[in-house]
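Whatever order the structure lists them in is the order used to number ligands and atoms, beginning at 1. This one's a predicted model, so the numbers in the text were calculated from it and none came from an experiment.
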Amino acid sequence: MLEIDRLGFAWPDEAPLFAELSFAIAPGEKVVLLGPNGCGKSTLLRLINGLIFPTTGEVRWQGRRLSPESLRDREFSRAFRRQNTLLFQHPEAMLFNPTVRDEIAYGPRQLGLTDAEAGVDRWAAELGLSDQLHLPPFALSGGQKQKLALACLLVLDPGFMALDEPTAALDPRTVGWLVDTLLASDKTLLISTHNLSLAAELGTRALVMGETGSLLYDGPLAPALKDLDLLHRAGLAHRHRHRHGDHDHAHLHTHDWEPE
Ligand SMILES: Nc1ncnc2c1ncn2[C@@H]1O[C@H](COP(=O)(O)OP(=O)(O)OP(=O)(O)O)[C@@H](O)[C@H]1O
Ligand SMILES: [Mg+2]
C-alpha cells in the first residue's frame with residue numbers, strides 16, 4: 001500500500017532527516033511510530049500524505065511515486081486524497097470552514113461523494129459534536145478541534161489514516177473510542193505517539209526513530225516496549241541519577257509506563 005524507499009528530506013537551513021529511511025506498510029497493518037521530539041515524525045507523516053516531497057528517495061502509494069506532478073493528475077489525486085488521510089498534531093491549521101457542519105462536509109463535497117450530509121450527522125454523533133455543528137470551528141476546545149479533525153477524516157471512510165499524536169489532546173474516553181473503533185477496523189493505521197502506556201493498545205508493529213529520523217527498530221510492538229535500551233536511545237526513557245549513599249546510581253524511567 002505504502003512504500004518509503006531510501007527517503008531523505010531537509011527543511012530549509014536544517015540538518016537532513018531520515019538518512020535513507022526505508023519501510024513498507026501493507027493493507028490493514030496498525031503501526032505505531034515512536035521517537036523523540038524533533039526526530040521527524042510529523043515531517044514523515046506529511047511526506048506520506050503528499051503535502052511535502054522528498055529531497056532524496058521516494059514515497060510510493062499503491063506503487064505510484066508521490067510528486068507534485070503525480071498529484072496534479074486529477075484522477076490519482078482524488079483517489080489519493082480520499083484514501084490517504086492525515087490527522088495533524090495541531091489541527092487548527094486544517095480547520096477553515098464557517099461551521100463545524102461545513103467543516104465535516106467539506107471533504108465529501110470536494111470529492112463529490114454522495115450522502116455527505118448523512119456522513120456529517122453520523123460522525124458528529126460518534127465524536128460527541130452534534131451540539132456543536134452550528135459553531136465556528138475556532139470556538140471549540142483543543143480536544144474538540146481534534147475530534148472535529150478526526151470526523152473530517154472518518155467521513156471519507158479512508159483506507160489509510162496517519163494520526164499525529166492523537167492521544168495528546170483527546171480525553172481518555174475518546175482515545176478508548178478511537179482504539180475500539182479503528183483498531184477493530186480493517187483500516188491501515190500509522191500513529192505517532194510519545195505515550196508508551198497507550199502505545200501498546202494503538203497497534204501491533206512499531207517503528208522507532210532516533211535523533212534525525214534514523215530507524216532504530218522496525219518489528220513487533222510488544223518487545224519494543226520492553227526494550228529499555230532501545231527506548232532510551234529513542235529518547236523515550238530517561239536515565240535518572242539518584243544518590244544512594246555515597247555513589248551515583250542510574251535508573252531508567254519511562255515516566256508513564258513501567259515495563260513488566
Ligand atoms: N515547517 C518547518 N520548517 C522548518 N523546519 C521544520 C518545519 N517543521 C519541522 N521542522 C524541523 O524538522 C525537524 C523535525 O520536526 P518534526 O515536527 O517532524 O518532529 P517530530 O518528531 O514530529 O517532533 P515532536 O515529537 O515534537 O512532535 C525539527 O528539527 C524541526 O525544527
Ligand atoms: Mg510532531
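- For the pair Lys41 (side chain) and Gly35 (backbone), a donor-acceptor distance under 3.5 Å is present.
- Atom 17 (O) of ligand 1 has its closest protein heavy atom at Ser42 CB, 3.7 Å.
- The line from CG of Leu231 to CG of Leu196 is 6.0 Å long, rounded to the nearest 0.5 Å.
- Polar contact with ligand 1: absent for Gly35 (N/O pair, distance under 3.5 Å).
- The 12-atom threshold is not exceeded at CD of Glu20, counting heavy atoms of other residues, nucleotides or ligands nearer than 6.0 Å.
- At least one donor-acceptor pair closer than 3.5 Å links the side chain of Asn195 to the backbone N or O of Ser197.
- Proximity to Pro36 (heavy-atom distance under 4.0 Å) selects the following atoms of ligand 1: 21 (O).
- For atom 31 (O) of ligand 1, the closest non-hydrogen atom of the protein is Glu14 OE2, 3.6 Å.
- The CG atom of Leu178 lies 8.0 Å from the CG atom of Leu154; values are rounded to the nearest 0.5 Å.
- Interface atoms of ligand 1 facing His194, defined by a heavy-atom separation under 4.0 Å, are 25 (O).
- A donor-acceptor pair under 3.5 Å is formed between the side chain of Arg78 and the backbone N or O of Leu111.
- The nearest heavy-atom contact from the protein to atom 28 (C) of ligand 1 is Gly38 O, 3.8 Å.
- No side-chain donor-acceptor contact under 3.5 Å links Ser70 and Asp73.
- Asn37 ND2, 3.0 Å is the protein heavy atom nearest to atom 26 (O) of ligand 1.
- Taking backbone and side chain together, Ser42 holds an N, O or S atom under 2.8 Å from the Mg ion (ligand 2).
- Checking only distances, Leu17 never comes within under 3.5 Å of ligand 1, N or O to N or O.
- Annotation for Arg6: atom CZ does not count as buried by contact number, only 12 or fewer foreign heavy atoms lying within 6.0 Å.
- Taking backbone and side chain together, Asn37 holds no N, O or S atom under 2.8 Å from the Mg ion (ligand 2).
- Atom 1 (N) of ligand 1 has Trp11 CZ3, 3.4 Å as its closest protein atom, hydrogens excluded (heavy atom only).
- Across Gln89, His90, Lys41, Met209, heavy-atom proximity to atom 27 (O) of ligand 1 is greatest for Gln89.
- Near Thr43, with a cut-off below 4.0 Å to any heavy atom, the atoms of ligand 1 are 14 (C), 15 (O), 16 (P), 18 (O).
- Looking at Glu3 and Arg65, no side-chain N of the basic residue comes within less than 4.0 Å of a carboxylate O on the acidic one, giving no salt bridge.
- Among Ala168, Gly40, Gly235, Ser192, the residue whose heavy atom lies nearest to atom 19 (O) of ligand 1 is Gly40.
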